[in-house]
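Data block below; observations after.
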Amino acid sequence: MYLMKDITRDGNPVLRKRAAKVKFPLSKEDQDLAKNMMKYLEVSQDPELCKKYKLRAGVGLAAPQVDVSEQMAAVLVPPLEEDDDHQNNKPLFKDVIINPVIVSESVQYAALTEGEGCLSVDKDVPGYVPRHDRITLRYQDVNGQKHQVRLKGYPAIVCQHEIDHLHGMLFYDHINKQNPFKAPEGTIMIN
Ligand code: ZN
């Protein structure tokens, strides 16, 4: 299982590289990579295990963050707390997305009021990160199965953050340098 020592940090050139497309069927290494990245997210979201292994909780982890320059990212967006009625507590989005492409995006922007964080960025970088509120995402899963999904709000933001990692971008690249808390007009703010 990955620990914080395995996570590449800002300054490591792998985080600024364009990742290579993944070939199917997946090699044993790529299968393990997918499994271990999702495992990190699952363990990190369990408060006790997170503490035990000294992890930072995460909702997404991209392959370059574990020093593999390939187009693969694990995404695990937990259910909203208000949905916590046992009926509807499955994750808002959970999959390992491989060779992901955003095929369409809304003109409407959205941003998290708290700003974004990243397992690879140790310092806090305050500011709004404008993202597209809705995206249509095309990707392959670990079996090579093709998916096309529409995402809105938080899960859409998480996937855009992870896909940025595959293109060598980090969240703070999107923050307005002159005025970090200035988002494009009409941006939906998400708590
Ligand atoms: Zn990140």
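First listed ligand is number 1; within each ligand, the first listed atom is number 1. No experiment lies behind these values; they were computed from the predicted model shown. The residues of the chain are indexed from 1 along the displayed sequence.
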Under-2.8 Å protein N/O/S neighbours of the Zn ion (ligand 1), ordered by chain then residue number: C118 SG, H161 NE2, H165 NE2

Spacing of D124 atom CG and C118 atom SG [to the nearest 0.5 Å]: 12.0 Å

ring-ring contact (aromatic ring centres under 6.0 Å, His included) involving F24 - partner list, sequence neighbours excluded: none

H132 side chain to Q160 side chain, donor-acceptor N/O pair below 3.5 angstrom: no

Contacts of D164 that satisfy side-chain hydrogen bond (donor to acceptor under 3.5 Å, both in side chains) - sequence neighbours left out: R131, H174

E42, CD: over 12 other non-hydrogen atoms inside 6.0 angstrom: yes

Qualifying side chain to side chain donor-acceptor pair (under 3.5 Å) pairs with a residue from residues 134-156, counting only residues at least two apart or across chains: D95-Y139, N99-Q140, S104-T136, D133-K152, R138-Q148, D141-H147

